[in-house]
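Nothing here was measured: the structure is a model prediction, and the numbers come from that model.
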Amino acid sequence: MGQTEGGTDLARLAGLRPAAVICEIMNPDGTMARFAELQRFAEQHQLCLLSIRDLIDYRLKHESLVEEVAGIPLPTEAYGDLTLQLFQSSLDQHHHLAISNPILRDPNQPPLVRLHSECFTGDIFGSARCDCGWQLQKALQTIREEGGTLLYLRQEGRGIGLVNKLKAYALQDQGLDTVEANQRLGFGSDERDYWIGAQILRKLNLLNIRLMTNNPQKIADLTQQGIVVAERVPLIAQPNPANCAYLKTKKEKLGHLLDQ
């Protein structure tokens with residue numbers, strides 16, 4: 001997400017060789033111009049102005065950066081006959097899964113979709129420190145009953161990876177909350193970006209959906225990428241003594257829509 005990448009992207013979008021000369025604009029006092037100064041400069045000289053984020057969003061909307069590399073029927077004991085599709089990102093080669101029940105109970109309604117971030121401890125071992133395992137099971141049960149798709153996204157620990165997630169757990173045991181622990185390790189409170197989910201949904205032709213989530217950032221990110229979220233379907237777990245503080249932090253610091 002830098003000027004170098006942005007310069008080559010603009011050249012590529014213009015049909016030219018992906019190379020560019022870039023320079024930074026200076027204020028009269030020798031400091032580097034920031035956004036407000038650049039706005040005035042662009043207006044004075046009648047120049048177009050766009051951000052790196054604008055350019056990235058444009059590419060994500062108009063280019064396909066994921067490819068389906070495998071697909072199989074997946075009969076399961078708990079969730080019925082599902083379909084498993086494996087997608088690979090061309091940016092980082094990471095793999096993500098789409099798990100679907102294509103039989104919709106009500107074809108007149110937009111299909112249910114869940115964007116579920118990988119949680120090794122919760123999804124595999126049923127950790128009580130979070131609500132991830134419960135959410136995964138509940139979403140798959142609902143998809144079995146109503147039809148729909150669950151995207152299993154490889155962004156462990158809100159995007160910081162398994163090693164750092166376990167280090168964050170150790171910091172939480174010392175009194176930090178989940179946001180403070182991530183920040184102590186040098187990360188943002190949530191490092192995830194749901195553009196990959198939007199790309200997969202477009203591949204699956206799921207452009208108008210009902211989204212199972214408590215996280216308004218998912219709705220905002222998908223909407224920004226052109227996916228219509230017709231309805232938010234809450235997915236709220238019953239708190240337990242081990243995750244009560246975690247859920248409270250998600251509500252108060254991350255804006256999750258939790259009623260408890």
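R59 and E5 are not joined by a salt bridge, as no carboxylate oxygen comes within less than 4.0 angstrom of a charged side-chain nitrogen. Using a cutoff of 4.0 Å between basic side-chain nitrogens and carboxylate oxygens, R184 and E180 are not scored as salt-bridged. Salt bridge D221/K218: absent, no basic N to carboxylate O contact under 4.0 Å. In this structure, K250 pairs ionically with D131, as a charged nitrogen and a carboxylate oxygen lie closer than 4.0 Å.
L258 and W134 are members of different hydrophobic clusters when ILVMFWY side chains are connected at heavy-atom separations under 4.5 Å. A chain of hydrophobic side-chain contacts below 4.5 Å, direct or via other Ile, Leu, Val, Met, Phe, Trp or Tyr residues, connects L140 to L86. When hydrophobic clusters are built by joining Ile, Leu, Val, Met, Phe, Trp and Tyr residues whose side-chain heavy atoms come closer than 4.5 Å, directly or via intermediates, I99 is grouped together with V69. The cluster map of Ile, Leu, Val, Met, Phe, Trp and Tyr, joined by side-chain heavy atoms under 4.5 Å apart, puts L257 and L247 in different clusters. Both L150 and L74 sit in one connected hydrophobic cluster of ILVMFWY residues. Membership requires side-chain heavy atoms under 4.5 Å apart, directly or through other members.
R114 CZ to L151 CG: the interatomic distance, rounded to the nearest 0.5 Å, is 10.5 Å. Distance CD1/I200 to CH2/W195: 8.5 Å, rounded to 0.5 Å. Rounding to the nearest 0.5 angstrom, the gap separating the CD atom in E63 from the CZ atom in R202 is 10.5 Å. Taking CG from L82 and CD1 from I72, the interatomic distance works out to 10.5 Å, rounded to the nearest 0.5 Å. Separation of atoms CD (Q238) and CG (N243) is listed at 9.5 Å; rounding is to 0.5 Å. Rounded to the nearest 0.5 Å, atoms CG (L104) and CG (L112) are 8.5 Å apart.
Of the N and O atoms on the side chains of T178 and R158, at least one donor lies less than 3.5 Å from an acceptor on the other residue. Side-chain polar atoms of Q217 and D190 form no donor-acceptor pair below 3.5 angstrom. No donor-acceptor contact under 3.5 angstrom links the side chains of T213 and N215, judged on distance only.
No donor-acceptor pair closer than 3.5 Å links the side chain of R192 to the backbone N or O of Q155. The main-chain N or O of L235 is found under 3.5 Å from a side-chain atom of N214 such that the two form a donor-acceptor pair. Counting only distance, with no hydrogens or angles, the side chain of E191 and the backbone of G188 share a donor-acceptor pair below 3.5 Å. Side-chain atoms of E43 never come within 3.5 Å of backbone atoms of R40 as a donor-acceptor pair (strictly under, hydrogens ignored). Although no hydrogens or angles enter the test, the distance criterion places no donor-acceptor pair under 3.5 Å between the side chain of D54 and the main chain of L50. Put simply, the side chain of Q93 gets close to the backbone of S90: a donor and an acceptor are under 3.5 Å apart. Side chain of Q135 to main chain of I236: no donor-acceptor pair is present (N/O by atom type, distance under 3.5 Å, no hydrogens or angles).
Between L211 and V233, the closest side-chain pair of non-hydrogen atoms is not below 4.5 Å. For the pair L185 and K167, the minimum side-chain heavy-atom distance is below 4.5 Å. When side chains are defined from C-beta on, V113 does not count as touching M212, because their heavy atoms never get closer than 4.5 Å. Two residues are said to be in side-chain contact when any heavy atoms from C-beta on lie closer than 4.5 Å; S64 and K203 meet this criterion. Between N27 and M32 there is no side-chain heavy-atom pair separated by less than 4.5 Å. Two residues are said to be in side-chain contact when any heavy atoms from C-beta on lie closer than 4.5 Å; Q137 and Y79 meet this criterion. Here the side chains of L97 and Q85 are not in contact, with every heavy-atom distance at 4.5 Å or above. Using a 4.5 Å heavy-atom cutoff, the side chains of Q225 and Q199 are not in contact.
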Are F120 and C132 close enough, and set up right, to give a side chain to side chain contact (heavy atoms under 4.5 Å, CB included), and what steps lead you there?
CA-CA 9 Å; F120 180 79; C132 304; over 6 Å; no
Any chance you could lay out the side chain to side chain contact (heavy atoms under 4.5 Å, CB included) test for D123 and H116, step after step, and finish with the verdict?
CA-CA 10 Å; D123 298 342; H116 187 87; 3.1 Å; yes
R210 vs E146, test: salt bridge (Lys or Arg N to Asp or Glu O under 4.0 Å). Steps then yes/no.
CA-CA 12 Å; R210 292 182 293 140; E146 299 190 30; 3.6 Å; yes
Side chain to side chain donor-acceptor pair (under 3.5 Å) between Q172 and D177, intermediate numbers included
CA-CA 5 Å; Q172 290 172 47; D177 65 35; over 6 Å; no
Evaluate L222 against L115 for side chain to side chain contact (heavy atoms under 4.5 Å, CB included), listing each step before the verdict.
CA-CA 10 Å; L222 291 182; L115 269 61; 4.0 Å; yes
Could you walk me through whether L207 and L201 pass the side chain to side chain contact (heavy atoms under 4.5 Å, CB included) test, one step at a time?
CA-CA 7 Å; L207 306 179; L201 290 176; 5.9 Å; no
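Scanning for side chain to side chain contact (heavy atoms under 4.5 Å, CB included) contacts around T121 gives C119, S127, K165, L166, Y169, with sequence neighbours left out. In this structure, the side chain to side chain contact (heavy atoms under 4.5 Å, CB included) partners of E118, at least two apart in sequence or on a different chain, are Y152, R154, E156.
Nearest heavy atoms, C130 versus G122: SG-CA, 4.2 Å. A33 and L38 make their closest contact through CB-CD2, 3.8 Å (heavy atoms, listed as atom of the first residue, atom of the second, distance). Nearest heavy atom pair, residue A98 against residue T149, reads CB-CG2, 4.3 Å. Here the closest heavy-atom approach between residue A19 and residue A11 is recorded as O-CB, 3.6 Å. Residues V179 and S189 approach most closely at CG1-CB, 3.7 Å, considering heavy atoms. Residues G157 and N182 approach most closely at O-ND2, 4.3 Å, considering heavy atoms.
Counted within 6.0 Å of CD1 on I103, heavy atoms from surrounding residues, nucleotides or ligands total 12 or fewer; the atom is thus considered open.
Taking the six-membered ring where the residue is Trp, F41 and H45 present tilted rings, their angle falling between 30° and 60°.
Test L204, L153, I196 against F87 for side chain to side chain contact (heavy atoms under 4.5 Å, CB included) and you get one pass: L204.
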